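Dumping the structure here so I can ask a few things about it.
Nothing here was measured: the structure is a model prediction, and the numbers come from that model. Numbers for residues simply follow the sequence, beginning at 1.
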Amino acid sequence: MTAESDNPASATAGAAAGTKSGPQTIVVDPVTRIEGHLRIEAEFDGTVITRASSSGTMVRGIEIILKGRDPRDAWAFAQRICGVCTLVHGLASVRAVENALHYPIPANAQLIRNLMLASQFVHDHVMHFYHLHALDWVDVLSALKADPKATSGLAQSLSPYARSSPGYFADVQAKLKRLVESRQLGLFANGFWGHPGYKLPPEANLMALAHYLDALEWQREIIQLQTIFGGKNPHPNVVVGGMPAAISVHTGAGTGSTAVNEINLQKVAQLIEKMREFVDQVYLPDTLAIASYYKDWFQLGQGEGVGNFLTYGDFPSLGSSDPATFRIPRGAILNRNLAQINEVDLGSEEHIQEFVSHAWYDYAGGKNVGLHPSKGETTLHYSGPKPPYLHLDTAASYSWIKSPRWKGHAMETGPLARILMLYATANGAARDLVDRSLSQLNLPIDALYSTMGRTAARALECKILADSMPDWYDTLMANIKAGDVRTFSKEKWEPSSWPRRASGVGFLEAPRGALAHWIVINGGRIENYQAVVPTTWNAGPRDAQGNEGPYEAALKGQTLQNTTQPLEILRTIHSFDPCLACAVHILDPNGEEMIQVRVQ
């Protein structure tokens with residue numbers, strides 16, 4: 001990561017200073033602890049950010065690879081868009097084909113998809129908080145000063161989590177001490193330790209660090225739910241028409257059997273309970289405890305933010321395809337007005353469009369044309385000047401990410417959007433959890449419109465979905481006990497049953513936000529394929545009217561305590577949980593290297 005400004009300074013904690021003409025600018029490239037390559041250029045007046053520009057620095061081309069292929073195979077390619085939230089692109093892809101062909105799936109397949117997707121959320125949110133975002137708030141080296149006994153008292157005051165003894169925290173502290181003395185900090189090497197923005201007492205830092213290590217161990221086990229139903233992880237198997245997980249009513253697995261049997265299903269129940277226990281006793285208490293020391297960040301990180309929020313909806317109820325009945329409903333919120341939920345039509349060219357006005361792409365109709373994804377274009381041809389990676393030409397094109405818009409509005413997607421949608425639609429469980437959590441912090445609902453609000457919303461959503469999993473599991477088990485073990489439908493599997501031309505959209509809520517794949521099928525083959533991902537919505541550049549994307553708007557107005565250590569930029573950007581590998585991607589079908597990225 002480099003941080004550059006007009007006034008040269010000594011490089012510290014991985015931040016180097018440089019010079020450039022024009023306004024004072026700080027460059028963070030790459031933004032670390034995210035998936036993929038993101039660059040932020042922030043102009044500032046004194047120490048206040050006056051404008052920020054978000055740039056994805058790798059080119060996307062996965063859609064090109066899918067043209068001409070069998071749509072039933074698309075999921076296997078599309079799922080490789082990302083290696084973190086590995087299930088979601090495969091699921092969006094099969095849903096797109098099913099939508100285009102009006103292909104029904106069995107109830108058990110929908111329940112399994114709900115369970116797998118919810119487990120992806122729980123796994124992803126916990127991993128994001130501890131391993132990608134917590135170190136923005138936790139000063140690792142400060143934990144060396146902690147009193148293990150006092151740390152134990154703090155932890156036990158928050159929850160009954162078993163690993164809370166003084167001896168346990170003393171052991172973790174000893175490990176950290178050996179690591180520091182070795183002068184090889186590994187994952188902890190590039191932090192801004194000692195930055196004045198860190199506010200946690202040493203005991204809270206030690207507790208969070210211990211839970212960071214616990215989460216590494218925890219995630220290795222709970223991801224087994226994906227392998228039970230999907231055969232493997234990452235990239236579990238899915239299939240157009242349902243799920244490939246055959247269910248056996250026999251207790252024994254049998255030699256060479258790959259069917260999901262009673263033993264596997266009992267394991268699923270245990271994994272669900274393990275997820276809920278960690279969320280209830282570690283993740284949510286830690287989030288609220290850390291937030292209590294950073295209450296000022298409930299007013300920061302939205303700035304002049306877009307204030308608009310979008311959800312596609314997900315976790316369908318059995319027997320209904322109406323997004324209004326989903327566990328997470330669909331809708332758009334404008335100007336933070338929770339009293340009005342606006343309709344979202346993914347098939348309407350008036351609702352969803354992508355722009356390339358400030359992206360390193362060209363459209364056949366011109367740079368300022370907006371295209372619905374069903375008619376979207378992805379071309380590696382670009383007629384403009386070579387991307388100036390040294391310093392972005394933000395007046396022209398400056399990103400390999402497009403700019404999606406809903407009815408012309410920039411929209412924020414993700415856990416905050418979903419929590420607001422649940423709250424606005426009077427979901428009782430969600431409202432109660434949000435109100436109790438904010439009351440604990442003595443904060444109003446408006447506090448959610450912030451960096452810490454996004455972080456808190458992610459933890460609240462994690463609990464809501466973890467608590468939903470037993471219902472889906474119990475329904476699945478009831479179906480099996482009643483003799484219904486169907487997980488796949490052959491009804492429209494053969495291309496001979498398909499219309500000559502068909503188009504559809506597969507949408508879902510991914511951990512990072514609203515995700516949809518649009519497909520056009522012609523003669524049994526893919527004619528066009530477009531994926532618009534959460535980070536495209538959040539990280540996209542300005543549009544033709546100069547409207548900023550959510551990242552850019554959220555940084556505007558923030559104050560930097562130290563321009564050579566831009567901790568504030570990292571906190572706000574990480575609160576979105578960026579996944580640039582999803583938003584920008586390139587794949588050469590011949591396997592040849594097409595780009596090299598060097599970090600100085």
Side-chain angles (χ1 to χ4, degrees), residues 56 58-69 71 74-75 77-82 88-89 92-97 99-100 310 312 344-384 397 399-411 413 501-508 510 513-522 525-544 547 549 579-587:
M58 290 184 68
V59 60
R60 179 177 185 172
I62 192 71
E63 294 93 341
I64 298 171
I65 306 302
L66 286 170
K67 286 187 176 182
R69 296 186 182 273
W75 70 270
F77 291 86
Q79 191 159 243
R80 269 68 181 179
I81 287 175
C82 182
V88 298
H89 289 289
S93 184
V94 298
R95 283 179 171 177
V97 178
N99 179 256
L310 174 71
Y312 290 162
V344 175
D345 183 353
L346 300 183
S348 170
E349 296 184 20
E350 303 297 322
H351 281 227
I352 308 292
Q353 291 183 323
E354 280 193 299
F355 293 85
V356 295
S357 309
H358 286 281
W360 289 309
Y361 293 103
D362 285 333
Y363 281 164
K367 290 286 285 184
N368 294 331
V369 171
L371 294 180
H372 185 264
S374 66
K375 299 179 179 179
E377 299 174 10
T378 298
T379 172
L380 298 185
H381 168 70
Y382 169 61
S383 61
S397 298
S399 181
W400 284 117
I401 306 176
K402 298 179 183 180
S403 301
R405 295 292 184 264
W406 175 79
K407 289 189 172 183
H409 299 283
M411 308 294 290
T413 75
R501 185 178 179 84
S503 61
V505 56
F507 66 88
L508 53 76
L515 167 67
H517 290 204
W518 279 264
I519 192 170
V520 178
I521 303 170
N522 192 358
R525 296 287 167 173
I526 297 173
E527 181 176 275
N528 196 12
Y529 198 100
Q530 293 291 316
V532 182
V533 309
T535 301
T536 312
W537 282 101
N538 290 333
R542 287 177 284 278
D543 57 28
N547 298 315
C579 187
L580 272 292
C582 290
V584 292
H585 211 74
I586 187 164
L587 177 65

Just how far is it from atom OH of Y312 to atom CD1 of I352, taken to the nearest 0.5 Å?
4.5 Å
What distance separates L508 CG from R95 CZ, expressed to the nearest 0.5 Å?
5.0 Å
Can you sort out the partners of A539 under side chain to side chain contact (heavy atoms under 4.5 Å, CB included), two or more places apart, ordered by chain and number?
S54, I401, T535, Y551
Could you go step by step and tell me if H89 and V533 meet the side chain to side chain contact (heavy atoms under 4.5 Å, CB included) rule?
CA-CA 9 Å; H89 289 289; V533 309; 3.6 Å; yes
Where do A544 and N368 come nearest, in terms of heavy atoms and distance?
CB-OD1, 3.6 Å
For the atom pair CG (N522) and NZ (K67), what is the distance rounded to the nearest 0.5 Å?
12.5 Å
Nearest 0.5 Å, please: how far is NE2 in H351 from NZ in K407?
4.0 Å
What verdict does the side chain to side chain contact (heavy atoms under 4.5 Å, CB included) test give for Q530 and T378, after you've listed the backbone C-alpha separation in whole Å, the side-chain angles of each residue and the deciding distance to 0.1 Å?
CA-CA 8 Å; Q530 293 291 316; T378 298; 3.1 Å; yes
Got a sec, which pairs hit salt bridge (Lys or Arg N to Asp or Glu O under 4.0 Å) with one end in residues 526-538, sequence neighbours left out?
R501-E527
Separation of R542 CZ from S403 OG (nearest 0.5 Å):
9.5 Å
Which residues pass the side-chain hydrogen bond (donor to acceptor under 3.5 Å, both in side chains) test with R525, sequence neighbours left out?
none
Without swapping roles, check the side chain of S397 against the backbone of A359 for a donor-acceptor pair under 3.5 Å.
yes
Look up atom CD in E354 and atom CH2 in W537, then write down how far apart they are to the nearest 0.5 Å.
8.0 Å
